[in-house]
Amino acid sequence: MKFFDSVLGLFKRRNIGGLSVSPVGLALFCLVVAAVVVVSRDVFEAKEIQAQLYEALNHARPVAEQARLIQERTGKSPASLAEIEAAKAKAPPQVARLQLQKDGELRVVFGSPSAIANSMLILRVIVNGGEHLLECRGEGEFKGALRTGCRAGAKPERVPWPPDSGKK
């Protein structure tokens, strides 16, 4: 009976200063608050990473587009980023380096934030008739911040490029 009484004692209200609380209720409240804090921190981190990715993409897309246009005009891919005017613009701080591959593929390697350091986005502009499509793949740990079609292992997402402005 003593064990049963001690368990029931956990649910008895106790006066703590001006409050009357049950220790079990207080513990459950603290656990719920802790769970909310942990989940919201992860969501905030994913949103911050997503903002960093979009800023890097806004810098890299014109570089990939100009690489494709040079290839269309000359019949060969540019030998280096120095041949691409858009690559001369100052890169955002999270981009550690841009790498231009021989096939016109552009790799964006991240240096910060630390959650995505050394991860990369791989961009390629595909010409399909008169339509240009931007192909995107991701390699590395992006903590859920990448769109589904850009994740490693997935079929690369292709979106029209340049995007439709919506003005008509």
Side-chain angles (χ1 to χ4, degrees), residues 29-168:
F29 174 76
C30 290
L31 287 173
V32 168
V33 168
V36 168
V37 167
V38 167
V39 169
S40 62
R41 188 190 78 219
D42 290 343
V43 169
F44 179 75
E45 183 181 29
K47 290 292 182 189
E48 182 182 351
I49 290 170
Q50 197 171 46
Q52 303 283 342
L53 290 173
Y54 286 132
E55 189 177 347
L57 275 172
N58 285 336
H59 174 73
R61 280 179 175 155
V63 178
E65 175 71 9
Q66 285 185 7
R68 172 56 69 188
L69 291 174
I70 290 170
Q71 184 179 17
E72 284 179 12
R73 283 189 214 122
T74 64
K76 60 181 182 171
S77 292
S80 71
L81 288 169
E83 296 179 34
I84 301 172
E85 191 64 34
K88 295 176 184 173
K90 186 176 184 213
Q94 64 270 26
V95 175
R97 64 187 177 278
L98 294 174
Q99 300 170 337
L100 183 64
Q101 306 298 312
K102 290 182 181 180
D103 60 356
E105 182 178 271
L106 181 68
R107 294 176 182 240
V108 181
V109 182
F110 291 90
S112 66
S114 60
I116 60 172
N118 297 320
S119 296
M120 74 175 71
L121 287 178
I122 301 165
L123 304 174
R124 182 183 310 191
V125 176
I126 307 294
V127 179
N128 186 11
E131 180 182 37
H132 286 194
L133 302 170
L134 182 70
E135 183 179 276
C136 174
R137 287 186 294 132
E139 289 183 4
E141 183 61 44
F142 288 100
K143 305 224 179 219
L146 281 179
R147 295 191 330 222
T148 305
C150 215
R151 292 190 181 144
K155 182 178 177 185
E157 181 176 5
R158 291 182 176 182
V159 294
W161 185 256
D164 185 17
S165 66
K167 296 179 183 175
K168 293 191 179 193

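The side-chain hydrogen bond (donor to acceptor under 3.5 Å, both in side chains) analysis of residues 113-122, with sequence neighbours excluded, yields no pairs. Judged as a salt bridge (Lys or Arg N to Asp or Glu O under 4.0 Å), not a single pair has a partner in residues 46-57 (not counting sequence neighbours).
Nearest heavy atom pair, residue F110 against residue I116, reads CB-O, 3.5 Å. Considering all non-hydrogen atoms of both residues, A117 and G111 come closest at CB-O, 3.6 Å.
V95 meets the side chain to side chain contact (heavy atoms under 4.5 Å, CB included) test with A56, A91, P92, L98, V108; sequence neighbours excluded. Legend: residues meeting side-chain hydrogen bond (donor to acceptor under 3.5 Å, both in side chains) with Q66, ordered by chain and number and at least two apart, are absent. The side-chain hydrogen bond (donor to acceptor under 3.5 Å, both in side chains) test applied to D103 returns R124, not counting sequence neighbours. E72 meets the side-chain hydrogen bond (donor to acceptor under 3.5 Å, both in side chains) test with H132; sequence neighbours excluded. The salt bridge (charged side-chain N to carboxylate O under 4.0 Å, His left out) search around K90 returns none, not counting sequence neighbours.
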Discussion item. Would L123 and L57 count as a side chain to side chain contact (heavy atoms under 4.5 Å, CB included) here? Give the steps.
Written reply: CA-CA 9 Å; L123 304 174; L57 275 172; 3.7 Å; yes

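Contact check on K88 versus E85 returns a salt bridge, with a Lys/Arg side-chain nitrogen under 4.0 Å from an Asp/Glu carboxylate oxygen.
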Name the atoms and distances for all side-chain donor-acceptor pairs under 3.5 Å in residues 76-84, with sequence neighbours left out.
{"residue": "S77", "atom": "OG", "partner": "K102", "partner atom": "O", "Å": "3.2"}
{"residue": "S80", "atom": "OG", "partner": "A82", "partner atom": "N", "Å": "3.3"}
{"residue": "E83", "atom": "OE2", "partner": "A79", "partner atom": "N", "Å": "3.1"}

